[in-house]
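Report on the following structure.
All values below were derived from every heavy atom in this structure, side-chain atoms included, with hydrogens, water molecules and symmetry-related copies excluded. Everything numeric in this text was worked out from a predicted model, so none of it was measured.
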Amino acid sequence: MSHHAPIVESPPALALTWRTEDDTAAFAARLAARPLLRNAFIALHGELGAGKTSFVRHLLRALGVTGPIKSPTYAVVEPHQAPDGLAIAHFDFYRFADPREWEDAGLRDAFAAPGLKLAEWPEHAAPLLPAADLDVHLQVDADEQRLVHLVAGTRVGEQLLQDLRA
């Protein structure tokens, strides 16, 4: 009996280019329409100015959130609610340094609660965070286009990517 080496599957990924804000908004609208998004955790990666907050803003608008949407750099988490009752937690771990803040700020509870979680600078809180369903890597190229790389980290993420490919 021959033993074949296991096939190592690379994580499902999707590469996109957003040439304009309209492209970003259109993708956000497609993502917002996915029922699985309602309990997903999406981690956003990219340098300052790569468009993480801008993407969050488009996504929240697509979900019907009104009012100001700012990055919660100082508060770490900014809660929002969509008109249909969906709870959304927007995290920004840019200034997150001390794991004790995790408990103090009620972040564990925020992650345990139902709803959509979006996190900017997740690497700053990496050991404390659950696996992201979807990692969104944003890069700006020389033409100010956004190069977007989506990587699924869970079954939910894989399903979301599949839906987005369709």
Partners of [X] by side-chain contact (heavy atoms from CB on, under 4.5 Å), sequence neighbours excluded?
X: Leu16; result: Leu14, Trp18, Phe27, Val148, Leu150
X: Gln81; result: none
X: Glu47; result: none
X: Asp109; result: none

Gap separating the [atom1] atom of [X] from the [atom2] atom of [Y], nearest 0.5 angstrom:
X: Gln159; Y: Arg34; atom1: CD; atom2: CZ; result: 8.5 Å
X: Asp163; Y: Arg165; atom1: CG; atom2: CZ; result: 10.5 Å
X: Leu147; Y: Arg19; atom1: CG; atom2: CZ; result: 9.5 Å

Search all heavy atoms of [X] against all heavy atoms of [Y] and return the closest pair with its distance.
X: Asp135; Y: Ala43; value: OD1-CB, 3.3 Å
X: Phe93; Y: Ala119; value: CE1-CB, 3.9 Å
X: Val65; Y: Pro83; value: N-CD, 4.2 Å
X: Ala62; Y: Ala29; value: CB-CA, 3.8 Å
X: Ala25; Y: His58; value: CB-ND1, 3.5 Å

Could you give the side-chain donor-acceptor pairs of residues 85-92 under 3.5 Å, partners two or more places apart or in another chain?
from, atom 1, to, atom 2, distance (Å)
His90, NE2, Glu120, OE2, 2.8
Asp92, OD1, Tyr94, N, 2.8
Asp92, OD2, Ser71, OG, 2.7
Asp92, OD2, Thr73, OG1, 3.0

Any donor and acceptor pair, going by atom type alone, linking the side chain of [X] with main-chain N or O of [Y] inside 3.5 Å?
X: Asp133; Y: Ile42; value: no
X: Lys52; Y: Leu138; value: no
X: Asp143; Y: Gln145; value: no

Is there side-chain contact between Val56 and Leu44, with heavy atoms separated by less than 4.5 Å?
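The answer is yes, as the side chains (C-beta and beyond) meet within the 4.5 Å cut-off.
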Does any non-hydrogen side-chain atom of Arg146 lie less than 4.5 Å from one of Val140?
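They are in contact (side-chain heavy atoms under 4.5 Å apart), so the answer is yes.
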Go through Leu128 and Leu107 one step at a time and tell me if the side-chain contact (heavy atoms from CB on, under 4.5 Å) criterion holds.
CA-CA 10 Å; Leu128 300 164; Leu107 299 177; over 6 Å; no
Say whether Leu36 and Leu60 are linked into one hydrophobic cluster, either directly or through other cluster members, by side-chain heavy-atom distances under 4.5 angstrom.
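Hydrophobic grouping puts Leu36 with Leu60.
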Hey, any chance Trp121 and Phe111 share a hydrophobic cluster, counting ILVMFWY side chains that come within less than 4.5 Å of each other, even indirectly?
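Yes; tracing contacts between hydrophobic side chains, which count when under 4.5 Å, links both residues.
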Using the rule salt bridge (charged side-chain N to carboxylate O under 4.0 Å, His left out), only one of Lys70, Lys117, Arg57 pairs with Glu78; which is it?
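Looking at Lys70, Lys117, Arg57, the match for Glu78 under the salt bridge (charged side-chain N to carboxylate O under 4.0 Å, His left out) is Lys70.
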Quick one: ring-ring contact (aromatic ring centres under 6.0 Å, His included) pairs with a partner in residues 126-155, sequence neighbours left out?
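Non-adjacent pairs meeting ring-ring contact (aromatic ring centres under 6.0 Å, His included): His45-His137.
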Taking atom CZ of Arg155 as the centre, does the number of heavy atoms from other residues, nucleotides or ligands within less than 6.0 Å exceed 12?
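Counting neighbours around CZ of Arg155, 12 or fewer heavy atoms of other residues, nucleotides or ligands fall under 6.0 Å, so no.
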Test log, rule side-chain contact (heavy atoms from CB on, under 4.5 Å), inputs Leu116 and Leu63:
CA-CA 11 Å; Leu116 170 62; Leu63 288 164; 3.6 Å; yes
